[in-house]
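Side chains are part of it too, since the values below use all heavy atoms of this structure and drop only hydrogens, waters and symmetry mates. In what follows, chains carry the letters A, B, and so on, assigned in the order in which the sequence lines appear, proteins first and then strands, with residues in each chain numbered from 1.
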Amino acid sequence: MMRLIYAFVTLLIVTFPARAEIAIQEITTPAGINAWLVEEHSLPFTALEIRFRGGTSLDRPGKRGAVNLMVGLLEEGAGDMDARAFSEARESLAASFGFGAYDDAITISAQFLTENRDAAVALLHTALTQPRFDDTAIERVRAQVMSHLSSRVTDPNAIAGNTWDKMAFGDHPYGSYRSGTSDSVAALTRDDLMAAMADAIALDRIYVSAVGDITADELSELLDQLFDGLPATGAPMPPRADFALDGGTTVVPFDTPQSVAMFGQAGIDREDPDFFAAFVVNEVLGGRSSNSRLMKEVREKRGLTYGIGTYLADPDLSETIMGHFSSQNDTMGQAIDVVRAEWEKIAEDGITQAELTAAQTYLTGSYPLRFDGNANIANIMVSMQMEGLAVDYIATRNDQVMAVTLEDAKRVASRLYDPDALHFVIVGQPEGVVSN
Amino acid sequence: MRFLLAAFFAIGLGASAVAKDGVTDFTLDNGLQVVVIEDHRAPVVVHMLWYRAGAADEEPGVSGIAHFLEHLLFKATDNMEAGELSRVVAENGGSDNAFTSQDYTAYFQRVAADRLGLMMQMEADRMRNLRLTEDDIATERNVILEERAQRTDSNPSSLFHEQMNAAAFLNHPYGTPIIGWRHEAAQLSRADALAFYKRFYAPNNAILIVAGDVTPDEVRTLAQEHYGPLKPTPDLTERERLTEPPHLAERRLRFEDPRVSQPYVYRQYLAPERDTGAQEQAAALVYLADILGGNGATSVLGRALQFENPIAVYAGAGYGSVMLDDTEFSLVVYPTPDTTLAEAEAALDREIAKFLETGIDPEQFERIKFQIRADQIYAQDNAMARAQRYGRALTSGLTIEDVQAWPDVLQAVTREQVMEAARDLFDDRRSVTGWLVPEGGEEMK
């Protein structure tokens, strides 16, 4: 039977308020892969983004770091090519393949020239379906991971992160570092890596986007070649991670002139009807622009830090409000007091109309600016799919930001921000700060 | 960087340089050079103002003043209150920041294309009308000391490189850290900041780069309106820097810090940078860095030290071609736990010696050449990065013609030129070798 090569294509033109237009095509390939595409023929290359949901959280018990090590080995030899031959082949094509292993996803970012696209895709297909996991390659990459892990032992930011994760999420995969520990990584075998691959790389968890010099039909054919031979299903997703950290302060002593602080509390789900209000309130408190309350109070007025920010962390399996900053040991205590006071203030009084308007203007004005460049647009589109958002979200997102009223903001600030639940993890020798 | 962690009177007869790759340039009467990089894929514009003034242009004793002034440029002017510029940028949905290097200081905003005029109005204002209070100085000085603590003092690798650079330059200011030595940064004053500002912040010492969804005519009109009225500084002096004497002795140092987990050996050689009209040797060094240490699986050092005789978890080479004065070419080896630094360094020396004898694999050379050509295509994807490429070059003694000739210069490089550049480069007398070790770590013999 002749292979059906035409894709099912839906075209949606999304228009921004600021006159930009972006034509996103949703395609379904004959083999059933869904992908979003923006054709951009002005530069002779394509940016392709692939995600496999689950990522390092699919590590089996006792095998922490297996998914990360497996991903690190995907381009260290595949098919009849050893690591060197594979790298030479990729270099000859001037293609770039980036592989990443994160808490919720394995990421693959590929860029390839139009002139040798088929060969680049065939090479990536080999890496995805026939990695060799040669013993010498395993030992080489394992040594790199171990070196990285040993560096984290004396890195205050890594110590803070490990401490926070363990206290917040315990034995859940979110409770430990995604690349594993030196003990767990030392014990990983080739079989563990094969199992990690079978668990984590499968068609039932795949998300794809592409931007560049390629048509819908070409992309459709490309994707079916690229993913041909991948298993239909992988391991079940891990359970939710319950946030188990109460308010307080945890000091981890470490000999350094400047302490680092990681702070936060339970957060809000993206699906929650109050999410946009929370998003706007966070923008006022510690958002991306330099004009947040925390930047003003901690940096601009008092010079206690170089930078401070907060964000709504919304990974697949938990929700938190998180923040970070550094301050020298003799000023850390004062900086913590200022952050606590701001937490109380926003919970009690909410935000002002002027702050709401400024945040809305910033958030809605900056949104279209993100859609800049093939690689950026491909990234945004694949993230949207992972979050379960439809293409038309792009057109309605700013309306949802603008729909937040001062009442909403106050109500949600009071519902969400809880000074008694706020926890600080401090790594350093902060003067006058003690664990409680 | 501040957070985190950078018309009608064109010369000639109103004509601009012919656009190549969508790049046009012209100069206002007051000496402001303007570069327009067109990219109409998104309704976004990056507005950058670059000053030919960096840390290496500081007077002795006020290290860090170029960077401190960069922070202070976000304070009040005659027409704006402190923080107003960033607030207005945010209110318009944009983002802004600034960065300082040895050779330049640059300020930028990324906004919707129809807000370009407003950005120019504010940027032109702070070029000439800064108003600093003693309060600003005291508070912001704490911020830069926090920045130094975060980026340098908390990071043994940064401290190590600070020591390496200080040893690498016997006389030239590149040996002084951009953020400043802590004891000098802690004493920086309002007068120091204003002196640097007065000397260097002038339209005839700046380059305006606008990249994105704009036309050269639009930029010309707006630039003339907002920057055109600024008076040039008549007595603007050339950047004069102390120069290096001949390097007569190899330097070696060992830096010990209890926070080190992964020791490594690092070597840097004094190397030529891209010179205007003469970029060939620098182009050869770009290849040399790729050939020796670009990709772990295919480079000379990666193959030898990570694959054939795996004594290293990582081996690489680095070279930054864009600097105003002589720069550095570096080699690095991170040994495996059962390899000493002495062994790692000896292996590095052996491989470099072997390379000088055996030369370059022709296939590897062709692959790298193709990759470099393809990188020119990939690089077109990011308007901000394109703007930065021009900004760095134009503040580092290069011209627009040099930037546009660079891809061809790179494609014309031969293996013989690379070997010749390598032979010139690897002179121990012009090198510094450093070991970064944990407390009580391996002694240097």
Can you say whether A/E115 sits under 4.5 Å from chain B via the side chain, the backbone, both, or neither, judging by heavy atoms?
side chain

B/Q376 atom CD, neighbour heavy-atom count above 12 within 6.0 Å
yes

Is the shortest side-chain heavy-atom distance between B/E140 and A/R299 below 4.5 Å?
yes

Using the ring of B/F307 (Phe, Tyr or Trp, six-membered ring only), decide whether A/R140 places NZ or CZ under 6.0 Å from its centre and within 45 degrees of its axis.
yes

Below 4.5 Å, heavy atoms only, C-beta onward: do B/Y378 and A/L113 meet side chain to side chain?
yes

Nearest heavy-atom pair of B/A297 and A/A83: which atoms, and what distance?
CB-O, 3.9 Å

Counting heavy-atom pairs closer than 4.5 Å to chain B, which one of A/N374, A/T256, A/I377 comes out on top?
A/N374

Heavy-atom pair count under 4.5 Å with chain A, highest-scoring of B/R303, B/K75, B/Q364
B/R303

Counting only non-hydrogen atoms closer than 4.5 Å, does A/E76 touch chain B with its backbone (N, CA, C, O), its side chain (CB onward), both, or neither?
side chain

Interface moiety of B/R115 toward chain A, non-hydrogen atoms closer than 4.5 Å:
neither

If we define contacts as heavy-atom pairs under 4.5 Å, which of A/T305, A/T331, A/D255, A/N157 has the most with chain B?
A/T305

Tell me, for A/F254 versus chain B, whether the close heavy atoms (under 4.5 Å) come from the side chain, the backbone, both or neither.
side chain

Let me know if A/T357 has heavy atoms under 4.5 Å from chain B in its side chain, its backbone, both or neither.
neither

If you look at every heavy atom in B/Q262 and A/S151, which pair is closest and at what distance?
CB-OG, 3.8 Å

Less than 4.5 Å apart, side chain to side chain, heavy atoms only: is that true for A/Q144 and B/Y314?
no

For B/N382, is it the side chain, the backbone, both or neither that has a heavy atom under 4.5 Å from a heavy atom of chain A?
neither

Using a 4.5 Å cut-off on heavy atoms from C-beta on, say whether the side chain of A/D372 contacts that of B/M384.
no

At a heavy-atom distance under 4.5 Å, which candidate from A/V141, A/L93, A/L363, A/D82 has the highest pair count against chain B?
A/L93

Sort B/R148 into side chain, backbone, both or neither according to what part of it lies under 4.5 angstrom from a heavy atom of chain A.
neither

Could you verify whether a donor N or O on one side chain and an acceptor N or O on the other, from A/E300 and B/T139, lie under 3.5 Å apart?
no

Less than 4.5 Å to any heavy atom of chain A: does that hold for the side chain of B/V260, its backbone, both, or neither?
backbone

For B/P258, is it the side chain, the backbone, both, or neither that has a heavy atom closer than 4.5 Å to a heavy atom of chain A?
backbone

Select one option (side chain, backbone, both, neither) describing which atoms of A/E139 are under 4.5 Å from chain B's heavy atoms.
neither

Closer than 3.5 angstrom, by distance alone: can the side chain of B/E146 be matched with the main-chain N or O of A/Q328 as a donor-acceptor pair?
yes

Would you indicate whether the side-chain heavy atoms of B/Q150 and A/F325 approach each other to under 4.5 Å?
no

Among A/V153, A/T136, A/D155, A/L304, which residue has the highest count of heavy-atom pairs closer than 4.5 Å to chain B?
A/L304

Please check: side-chain N/O of A/T361 versus main-chain N/O of B/E91, any donor-acceptor pairing under 3.5 Å?
no

Which region of A/N116, side chain (C-beta onward) or backbone (N, CA, C, O), has a non-hydrogen atom less than 4.5 Å from a non-hydrogen atom of chain B, or is it both or neither?
side chain

Which atoms of B/L145 come close to chain A, meaning under 4.5 Å heavy atom to heavy atom: side chain ones, backbone ones, both, or neither?
both

B/D381 vs A/F45 side-chain heavy atoms within contact, under 4.5 Å:
yes

Max heavy-atom pair count under 4.5 Å with chain B, selected residue of A/A358, A/A143, A/S147
A/S147

I'd like to know which of B/V111, B/D375, B/N295 tops the heavy-atom pair count under 4.5 Å against chain A.
B/N295

Winner by heavy-atom pair count (cut-off under 4.5 Å) against chain B, out of A/S327, A/S42, A/P44:
A/S327

Do A/S87 and B/T298 have a side chain donor and acceptor closer than 3.5 Å?
no

Non-hydrogen side-chain atoms of B/D153 and A/Q258 separated by less than 4.5 Å
no

